[in-house]
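So the structure is just underneath, and the comments pick up after that.
Remember, predicted model here, so these are calculated numbers, not experimental data. In the text below, chain A, chain B and the rest are named by the order of the sequence lines, each starting its count at 1.
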Protein chains: 2
Amino acid sequence: MINVTLKQFRYFDALARTGHFGRAADACAISQPALSMQIKELEDALGTQLFERSARSVHLTPLGEDLAARVREILRAVDEIGDLARADDERLVGRFRIGVIPTVAPYLIPRVMQGLAADHPDLDIYIRETVTPKLIGELSEGRLDAAILALPASEPGLSEEALFDEDFVLIRPTTEASAPVPSKEGLRTMRLLLLEEGHCFRDQALSFCDIRTAQPREMLDGSSLSTLVQMVSVGIGVTLLPEMALAVETRSADVAVQRFPKPQPSRTIGMVWRKSSPLTSQLRQLADLVKATAA
Amino acid sequence: MINVTLKQFRYFDALARTGHFGRAADACAISQPALSMQIKELEDALGTQLFERSARSVHLTPLGEDLAARVREILRAVDEIGDLARADDERLVGRFRIGVIPTVAPYLIPRVMQGLAADHPDLDIYIRETVTPKLIGELSEGRLDAAILALPASEPGLSEEALFDEDFVLIRPTTEASAPVPSKEGLRTMRLLLLEEGHCFRDQALSFCDIRTAQPREMLDGSSLSTLVQMVSVGIGVTLLPEMALAVETRSADVAVQRFPKPQPSRTIGMVWRKSSPLTSQLRQLADLVKATAA
DNA sequence: TTACATTGATAAGATTTTCTGATGATAAAC
DNA sequence: GTTTATCATCAGAAAATCTTATCAATGTAA
């Protein structure tokens, strides 16, 4: 019966991920010496070296690599015990870690949080904003409880629940406000500003225009929808916006908004979570609340 | 990230098994209040009741039942991490928990321990002596590292390695010392003294005599081979002994020893362990040492 | 080469956690 | 009604863990 602690495992995991004592300590919200000591304790308890400390870098030994995977599995199982206990109480309380794609988060989350704060004071929502593949990964690893993204996620281990549909609209410089709405083909000839690689909204827009990512075009990549709209307003090109972003992003920017004729391009935003999550019932409740807020 | 500790899990497991705060505390080598407090901490951290404390008994709530299984799985995984780290060092050191059946343990283990003590000072062998089904169970649960028992164990998840064969010999009162060796059939008409239900040696002896356990006979059950031999010496009946027990058990007892004609009844004693054990290499080394000692 | 910056280890003292032993409360058993 | 068994609570002691300050080693830039 070896004398290790979960605390050591958590620190170990952090150090394995960051490869840096200082940053790992930050991630664990402790001082660097405290982390150093616990890592040392762990290595002593196991009787082996887990990390190779070279002058400028810290990385796992082969054995450490192996153990890191197991430790992660254990931490997941422990957290699941917490979830399971929490799920015993059917009410919607406690902490939920929700991942949201960047083209949804800024427009949806504030409203959701506002709505929840009133009715569910014991609810503690932590939002992580990043692109779909990362969300799926962290969800599967058990580092997130749920994610809000464009459906379908098409992951066998995940449950999906649709929240709402949103159309895409065209954003042009005001100088072109009275020009006719371009066809898909017309759009392809314009200078289309899009989010950088990795964002699903980029792919959705390209797909609408029937553009292969393979054939590179003269497009500027922006890191946020806000940036794109600013660029449109100074006449650099045109862009698409999901409906939900419209109000916020065009409020102060001087641009023209045009809707496409039907069938309008659109996407379905939904919530996903691990099928195996003990919190399924709570997550479904949460999805319903978000759905109500979005409507 | 819920704030529970492995210590709490170990205490929880002990309490779940014993259903008694005092005994669980003993098992964990701490005082009863310490255990009470940690269980309370755990229940608080999880926000639920894990045990129902009625006046005269402590038992798991339905949720506790569920969590207990998971906690055991986690503890197993943690211990396996220890094993894995230890296995990194190919040498035969550290603690091994070995289960041995009662008809082998007293005759084999002292010799083995003596042999090991000299050559492997850093080896820490803990012996658990009980019947085969319990050994198999504890082995599978990860509460033992290996077991020494009569082959075949016939468990899909276990590796087997034969250690030695031993014949069975007949023990009779000295008054019958010059009587001819009875046939199997003759044996069936005698008053055969055997170990109580559960011991594999009992079944092996019955099997040799072609006696179904179904048809009950007038046999006295003893709890140790030593008891059986004592009973033979005062003329109550006859018994069989595995060869290895012969020297010890007939040293002081006044009984006659007779060997059966070939093919003599016999059994194969071997060592088994989980196929998945990280310590496989060490366990094989250990088996070889035991084999050498027994020879 | 020297000064400097970065990074992990170490040390000392403070804080927090955990444990023990004594005692209390409750309910069953005699 | 007293005794017994059992778990909870309390106070103080012991152990662990943490923080701040500092050191040592290594690489980088002047």
Side-chain angles (χ1 to χ4, degrees), chain A residues 1-61 63-65 67-68 71 75 78 82, chain B residues 1-61 63-65 67-68 71 75 78 82:
Chain A
M1 188 172 44
I2 205 124
N3 202 28
V4 294
T5 67
L6 285 180
K7 199 183 296 199
Q8 286 165 357
F9 282 175
R10 293 223 142 90
Y11 294 177
F12 170 58
D13 182 40
L15 183 55
R17 286 179 189 281
T18 61
H20 187 288
F21 278 76
R23 275 189 282 284
D26 278 353
C28 298
I30 53 164
S31 67
Q32 170 264 316
L35 188 120
S36 281
M37 286 191 299
Q38 288 301 323
I39 295 295
K40 199 157 103 91
E41 289 273 312
L42 181 62
E43 288 184 325
D44 286 353
L46 296 180
T48 52
Q49 191 95 345
L50 296 173
F51 293 94
E52 245 172 75
R53 287 87 153 162
S54 41
R56 214 113 198 113
S57 77
V58 176
H59 63 267
L60 288 162
T61 60
L63 175 68
E65 200 84 56
L67 294 196
V71 162
L75 292 177
V78 170
Chain B
M1 187 172 46
I2 205 122
N3 202 27
V4 294
T5 67
L6 285 180
K7 201 182 295 196
Q8 287 165 357
F9 282 175
R10 294 223 141 91
Y11 294 176
F12 170 58
D13 182 41
L15 183 55
R17 285 179 190 283
T18 61
H20 187 287
F21 278 77
R23 276 188 282 283
D26 278 354
C28 298
I30 53 164
S31 67
Q32 171 263 315
L35 189 118
S36 281
M37 287 192 300
Q38 289 300 324
I39 294 295
K40 200 161 106 88
E41 289 272 313
L42 182 61
E43 287 182 326
D44 286 352
L46 296 179
T48 51
Q49 192 96 345
L50 296 173
F51 294 94
E52 245 174 63
R53 286 88 151 164
S54 43
R56 213 113 198 114
S57 76
V58 175
H59 62 268
L60 288 162
T61 59
L63 175 67
E65 200 85 55
L67 294 195
V71 163
L75 293 176
V78 170

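Contacts of A:Q32 with the nucleic acid, taken as non-hydrogen atoms under 4.0 Å apart, include base atoms. Among the heavy atoms of the strands lying under 4.0 Å from B:Y11 are primed sugar atoms or P, OP1, OP2 only; no base atom is included.
In this structure, B:L35 atom CG and C:dC19 atom P are separated by 9 Å, rounded to whole Å. If you take CD1 of B:I30 and P of C:dT18, they are 12 Å apart, rounded to a whole angstrom. For A:N3 and D:dA16, the CG to P distance is 9 Å, given to the nearest whole Å. Following rounding to the nearest Å, A:M37 (CE) and D:dA21 (C1') show an atom-to-atom distance of 13 Å. In this structure, A:E41 places its CD atom 13 Å from P of C:dA9, rounding to the nearest Å. Distance A:Q49 CD to C:dA9 P: 9 Å, rounded to the nearest Å. With rounding to whole Å, A:K40 atom NZ is found 15 Å from D:dT17 atom C1'. When rounded to the nearest whole Å, the span between CG of B:L15 and P of D:dC7 equals 8 Å.
The closest side-chain heavy-atom distance from A:I39 to A:R53 is below 4.5 Å.
Considering all non-hydrogen atoms of both residues, B:F51 and B:E43 come closest at N-OE2, 3.2 Å. Of all the heavy atoms in A:V78 and A:R10, the pair that sits closest is CG1-NH2, 4.5 Å. Residues B:C28 and B:Y11 come closest through the heavy atom pair SG-CD2, 3.6 Å.
With D:dC7, C:dC19, C:dA9 as the choices, the nucleotide that has an atom nearest any side-chain atom of A:F21 turns out to be C:dA9.
For the side chain to side chain contact (heavy atoms under 4.5 Å, CB included) criterion with B:F9, the lone passing option out of B:L6, B:D13, B:T5 is B:L6.
Residue B:K7 places at least one side-chain N or O closer than 4.0 Å to OP1 or OP2 of C:dC19. Between B:H20 and D:dA5 there is no side-chain N or O to OP1 or OP2 distance below 4.0 Å. The phosphate of D:dA8 has OP1 or OP2 within less than 4.0 Å of a side-chain N or O from B:S36. The shortest distance between the side-chain N/O atoms of A:Q38 and the OP1/OP2 oxygens of D:dC18 is below 4.0 Å. Distances shorter than 4.0 Å separate some side-chain N or O of A:R53 from OP1 or OP2 on C:dA9.
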